[in-house]
Asks: 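Pasting in a structure now, in structure tokens, and then I'll have a few things to ask.
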Amino acid sequence: MKEFFFKIIDKKWQQYWMDYKVFQTGIDSSKPKYYVLDMFPYPSGAGLHVGHPLGYIASDIMARYKRHKGFNVLHPMGFDAFGLPAEQYAIETGTHPAESTQKNINRYKEQLKNIGFSYDWDREISTASSDFYKWTQWLFIRFFNSFYDRIENRAKPISQLIGFFEETGNYTIECPNEEGKKFTSTEWKSFDEETKQAILMDYRLAFSAYSTVNWCEALGTVLANDEVINGLSERGGHPVVKKEMRQWFLRISEYAERLLLGLEKVEFSDSLKEMQRNWIGRSEGAELDFKLDQEQGTIKVFTTRPDTIFGVSFMVLAPEHELVQSITTQEQKQEVEKYLDYVQSRSDRERMTEVKKITGVFTGAFAIHPFTKARIPVWISEYVLAGYGTGAIMSVPSGDDRDYAFAQYFKLPIINIFEGVDLSEEPYINKSFKLINSDFLDGLDYKNGFSIALDKLVKRGIGKRKINYRMRDAGFSRQRYWGEPFPIVYKNDIPYVIDDKELPVTLPDVESYKPTGTGEGPLATIPQWVNRPDGSRRETNTMPGYAGSSWYFLRYMDAHNSLEFAAKDAMQYWNQVDLYVGGAEHAVGHLLYSRMWTKMIYDLKYINFEEPFKKLVNQGMIQGTSKFIYRVKNKENTFVSFNLKNDYEVSPLHIDVNCCDGLELDLDKLKAWRKEYESATFILENGKYICGTQVEKMSKRLNNVVNPDDIVAQYGADAFRLYEMFLGPVELSKPWDTKGIEGVSRFLRKLWRLFYDDHGNLIIHDGEALPSELKILHKTIKKIENDIESLAYNTCVSSFMIAINELQELKCSKREILTPMLILLSSFAPHITEELWEALGNKETIAFFPFPSFNESYLAEDSFKYGISVNGKLRTELTFALNATPDEIQREVLTNEMVIKWLDGKVPKKVIIVPKKVVNVVV
RNA sequence: GCCCGGAUGGCGGAAUCGGUAGACGCGCUGGUCUCAAACACCAGUAACGCAAGUUGUGCCGGUUCGACCCCGGCUCCGGGUACCA
């Protein structure tokens, strides 16, 4: 007796795959490779809910499908194990983050294994294990020892730069730090170690610099921007000040252009590419010098509109601009000081929320217009940001919203430079115009005005073309415990990387995970770790969360290599990730950083590809369907069913969705869930309590979390997999509804009944397949092949259902049909297909059998049916031979009695034969 | 404000090239089997209408013999982002 009992089948095959290491992968140059990757999870304490595996199922289907197609498939899984929640948990409970993290990883793995993924678990990695982070540190050392050559446009070893300095100095080499000193080779050789290292730091790809952070004295820690509210700490409400501290950075700004161009070569969604483009924020314009009229120097401004140069009527500096102190006149001193105090007192949040508020002050200084020689007043305002461009702007109130508002508020002149434009109400921001009042630019349009103005400025030596990027260098240090320690030591306060032989720098145990109060991380509290025998001191910051995830996809290729981060031949073979599946929330974080790391590693010639991910798919979220019961007001503990609630005054309450069967409330489950309902009164409709519903984010707080373990236990892993895919396109967000899984569950039982009768006897036989049966098979092969590569898995599942329904109708239990059908289906529902595969007498696992090929001849009919429409309205059908030519069809249509009758004796103007199903007759 | 998506039955969603809109599933209605339930099966299910039929893919207009699909103008929803010069 054999019946479909998924609990046994699931376990049996998951065990089989593990025991025989079915999905273990190695380099096999006889096969084409395919690399399918999931964004590895951060193992949180809450475990997985049904939303998490969506992407994993999608990628697993592709992995299994590609194996059928003869590819050597790399499909690994691992854990992004460093992170704040584990550290927070450690502060609260004293549990070592390594311990809680390992516990969570074990739980995640168990949940993942229940779903039957075809991962090569031998390649599992964890970013928090020293085997892994040794190489994160090793890569950091490479970046520290590299600089960006702007001529060749790639990173190179810093030793080459030093060689260059020794030979010729740095007059011909651009430095990322524009204020950097210029020196000759002789001067270079005369510098002391400290000066040399300071200069090199301006070039390194991984570098340290002083930068402002949010410092909270009372809490003794640095806070992230979102931990600061109205200038006070989110926790405790203590004052937060800006403080200069030494931080590590990655020089991602050097890669801005290549990160932008690289987007052309990868398959990411438009919206994701757009997000990255916006983040990089390239703007093309000019940097111009404005001389101050009292010989106090020049103000550099960045503008994207050199064409509006004659509209400049004032200039504005950021309050933090270095010239502010020196150019302020005696008369304005007090005003300016007052304003700077005011700005100091304003938090980022206030500045952000009160964007419309216009503030500013006149410095008393004037700049000289490069062409008209007019004296232009120089103002200070917080609407000009120190961090963007040069921290100073030329204001053209006629062509810019903010400049216009500022000019109106402070009664500054507005010069109209656009022909026929009325500026009394608003500025003219449009770029279609003819310039006036613009001397040599008069009559020009935007494009010509831009280039002619710029040419002239360049010729006069007071301007240059400049491309400006919004993206800042990436902060790379955190004052935290649970992260990778830096391979850095300080000698005489100068940072040096340690020798490779000393790697890994392992994370020591600490007494307390709390912040230290000095602005340093918890590592600073262990003197025996910080202070080294040679007198040097270790860096006590740790790397940020994105360090390990920026390169983990390379480690999978050779996960246990103890000599290299991954062997060259492995990286050569596996190459780019062919398909990367994960959430869009990483658009400007992980997905940008990992692209940058790949480019750096490429530049240093360890790999031969520049983009890590060839194709990226962002899976949508699975939302929860919250369920409500309705408490009757002024009546104790009484709840009324959904359709009767209008008769009462009620307030809705979230209840656990797992207490419901569809919309119907299971009172016993509800009472078991919360004791307070045991004594409650329920007003029923038709003997049932019906709940209200609402689609919301899936979250514990809303009691709408569904655990995949429960679904798998109730319906089996295959039904769960099929249902997640059936819900809709992978990329879309859609609500979870447990009830709907019945459909796919029914489908699996139907499939089973094609193999076994009610008594458990195998009814498969070797009878020759009929054309109608072959047609069903080949229609399905065609459809699946078409849809699977584009990840249209929802329509694939539909096709399977249609096929199995049709085969059931024909009572087709023929081996010839069902064998290929199983292979088609095995990527989606691997457990049941393995079981049935074995029932067919096969000894080996189904995973590597070739995908059945599609035979067009089985789809052919002996005739075509054409719909006949008159003036676009469909009237009837005519049947034609398969090989009928358009001429024959036309003749047939025109001589057909019915058609003539419709046309009321009128001769058709034209007959349009569309190569599909409709013939159109036009009167 | 700006940028990017999207809008199709009660619900999730199909329609691959501009050619019979609503596949497939859920839900719902009626029925068969059953002492009953579960399972399974059958029929129906866009709206209006007894029917013939008419209207229907957010709204208005256009192109076309023919538009969910292409073009122009809106509305609403989702996401991203912001004194970025």
Side-chain angles (χ1 to χ4, degrees), chain A residues 269-279 281-283 285 301-305 308 316 318 351-352 354-358 381-385 387-396 399-403 405-406 468-471 584-585 587-588 618 620 625 662-663 693 695 722-723 726-729 731-747 749-750 753 758 782-783 786-787 790 792 794-802 805 808 865-877 908-923:
Chain A
S269 68
D270 289 345
S271 67
L272 197 124
K273 284 187 182 181
E274 202 56 32
M275 266 190 242
Q276 293 209 344
R277 284 195 193 104
N278 287 341
W279 186 260
R282 182 186 202 269
S283 52
V301 300
F302 175 72
T303 179
T304 53
R305 298 291 301 275
T308 61
V316 187
R351 275 179 81 155
M352 264 190 261
E354 298 170 31
V355 163
K356 293 263 150 60
K357 192 168 165 182
I358 298 165
S381 174
E382 58 179 344
Y383 85 84
V384 175
L385 306 175
Y388 183 79
T390 60
I393 60 164
M394 59 177 221
S395 288
V396 183
D400 181 277
D401 273 327
R402 294 148 303 167
D403 295 348
F406 196 82
N468 206 32
Y469 298 94
R470 197 185 75 97
M471 184 169 63
E585 66 273 20
V588 291
N618 295 120
T625 307
L663 294 176
T693 63
V695 174
L722 282 168
Y723 184 51
F726 181 69
L727 276 178
E731 299 91 334
L732 240 63
S733 288
K734 54 244 158 185
W736 176 266
D737 171 22
T738 301
K739 194 84 183 162
I741 200 171
E742 301 279 358
V744 289
S745 181
R746 213 163 281 158
F747 156 76
R749 287 194 295 264
K750 276 185 199 169
R753 285 202 306 272
D758 292 347
K782 187 180 183 189
K783 182 81 175 139
N786 261 344
D787 289 355
S790 55
N794 52 331
T795 53
C796 287
V797 178
S798 297
S799 305
F800 285 130
M801 290 183 174
I802 294 167
N805 275 338
Q808 193 195 34
K865 273 193 177 149
Y866 274 88
I868 308 294
S869 71
V870 177
N871 284 347
K873 291 221 156 106
L874 190 82
R875 292 301 163 104
T876 190
E877 279 184 345
K909 273 188 201 149
K910 52 179 172 176
V911 176
I912 302 155
I913 294 153
V914 200
K916 240 193 167 171
K917 302 178 234 172
V918 176
V919 177
N920 216 318
V921 182
V922 183
V923 183

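In what follows, chains carry the letters A, B, and so on, assigned in the order in which the sequence lines appear, proteins first and then strands, with residues in each chain numbered from 1.
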Asks: Does any nucleotide pair with B:C83 by Watson-Crick or G-U wobble geometry, both distances under 3.5 Å, and what is it?
Replies: none

Asks: Any idea which of B:A85, B:C4, B:G13 is nearest the A:S271 side chain?
Replies: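 Closest nucleotide to the A:S271 side chain: B:C4.
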
Asks: Looking at B:G27, B:U81, B:G12, which one has an atom nearest to any side-chain atom of A:F726?
Replies: B:G12

Asks: What does A:D403 touch in the nucleic acid at a heavy-atom separation under 4.0 angstrom: a base, only the sugar-phosphate, or nothing?
Replies: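 If one applies the 4.0 Å heavy-atom cut-off, A:D403 turns out to touch nothing in the nucleic acid.
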
Asks: State which of B:G80, B:U81, B:A85 makes the closest approach to the side chain of A:M275.
Replies: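 Looking only at side-chain atoms, A:M275 lies closest to B:G80.
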
Asks: Between A:V744 and A:M801, what is the shortest heavy-atom contact and its length?
Replies: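 Heavy atoms of A:V744 and A:M801 come nearest at CG1-CE, 3.2 Å.
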
Asks: What's the closest nucleotide to the A:K739 side chain, out of B:A85, B:G27, B:G5?
Replies: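 Taking heavy atoms from C-beta onward, the closest nucleotide is B:G27.
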
Asks: Have a look at A:L732 and say if it touches a base, only the backbone sugar-phosphate, or nothing, with a 4.0 Å heavy-atom cut-off.
Replies: sugar-phosphate

Asks: Could you check whether any side-chain heavy atom of A:Y723 comes within less than 4.5 Å of a side-chain heavy atom of A:V797, counting everything from C-beta outward?
Replies: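 No. Closest side-chain heavy atoms not under 4.5 Å.
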
Asks: If you check the A:I393 side chain, which of B:G13, B:C41, B:A85 turns out closest?
Replies: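 Output: B:A85.
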
Asks: With a cut-off of less than 4.0 Å, is there a side-chain N or O of A:R753 near OP1 or OP2 of B:C41?
Replies: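 Yes.
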
Asks: Pick one for B:C60: is it syn, with its angle within 90° of 0, or anti?
Replies: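 B:C60: anti.
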
Asks: If you check every side-chain atom of A:M801, which of B:G25, B:A14, B:C3 has the closest atom?
Replies: B:G25

Asks: Hey, does A:I393 have a side-chain heavy atom less than 4.5 Å from the side chain of A:D400?
Replies: no

Asks: Scan A:T308, A:V301, A:V316 and name whichever one has a side-chain contact (heavy atoms from CB on, under 4.5 Å) with A:S395.
Replies: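 The passing option is A:V316.
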
Asks: Checking all strands, does A:N794 fall into the base, sugar-phosphate, or nothing category for heavy-atom contacts under 4.0 angstrom?
Replies: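 Result for A:N794 = sugar-phosphate.
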
Asks: Name the closest nucleotide to the A:S798 side chain, picking from B:A40, B:G25, B:A23.
Replies: B:A23

Asks: Measure from the side chain of A:R402, starting at C-beta and using heavy atoms only, and say which of B:C84, B:A14, B:A40 lies closest.
Replies: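 Of B:C84, B:A14, B:A40, B:C84 is nearest to the side chain of A:R402.
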
Asks: Which part of the nucleic acid does A:S395 contact within heavy-atom distance under 4.0 Å: base, sugar-phosphate only, or nothing?
Replies: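 No contact at all - A:S395 keeps every heavy atom at 4.0 Å or more from the nucleic acid.
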
Asks: Compare side-chain N and O positions of A:R277 against OP1 and OP2 of B:G80 and report whether any pair is under 4.0 Å apart.
Replies: no

Asks: Determine whether A:R402 and A:V384 make a side-chain contact, defined as any pair of heavy atoms from C-beta on separated by less than 4.5 Å.
Replies: no

Asks: Go through B:G79, B:C26, B:A85 for me and flag the one nearest to the A:F302 side chain.
Replies: B:A85

Asks: Under 4.0 angstrom, heavy atoms only, what part of the nucleic acid is A:R282 near: base, sugar-phosphate, or nothing?
Replies: nothing

Asks: Once you apply the 3.5 Å cut-off to both distances, tell me the Watson-Crick or G-U wobble partner of B:U45, or none.
Replies: B:G27

Asks: So, under a plain 3.5 Å distance rule, would you say the side chain of A:K782 forms a donor-acceptor pair with the base of B:U16?
Replies: no

Asks: Between B:C69 and B:U20, how far apart are the two C1' atoms, rounded to whole Å?
Replies: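 About 16 Å, rounded to a whole number of Å.
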
Asks: Pick the nucleotide of RNA chain B nearest each of A:Y723 and A:E274; which residue has the one closer to the 5' end?
Replies: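 Nearer the 5' end of the strand: A:E274.
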
Asks: Both distances below 3.5 Å, Watson-Crick or wobble geometry, any strand: find the nucleotide opposite B:U16.
Replies: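 Its partner is none (no Watson-Crick or G-U wobble pair with both distances under 3.5 Å).
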
Asks: So, for A:C796 and A:D787, which heavy atoms are closest and what is the spacing to 0.1 Å?
Replies: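 A:C796 and A:D787 have their closest heavy atoms at SG-CB, 3.5 Å.
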
Asks: For the side chain of A:P729, counting heavy atoms from C-beta on, which of B:G25, B:G13, B:G5 is nearest?
Replies: B:G13

Asks: Given that both distances must come in under 3.5 Å, which nucleotide forms a Watson-Crick or G-U wobble pair with B:G58?
Replies: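 When the pairing criteria are applied, B:C74 turns out to be the nucleotide that pairs with B:G58.
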
Asks: Give me syn or anti for B:G6, where syn covers glycosidic angles within 90 degrees of 0.
Replies: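 Base orientation: anti.
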
Asks: For A:N278 and for A:M394, find the nucleotide of RNA chain B with the closest heavy atom, then tell me which residue's nucleotide is more 5'.
Replies: A:N278

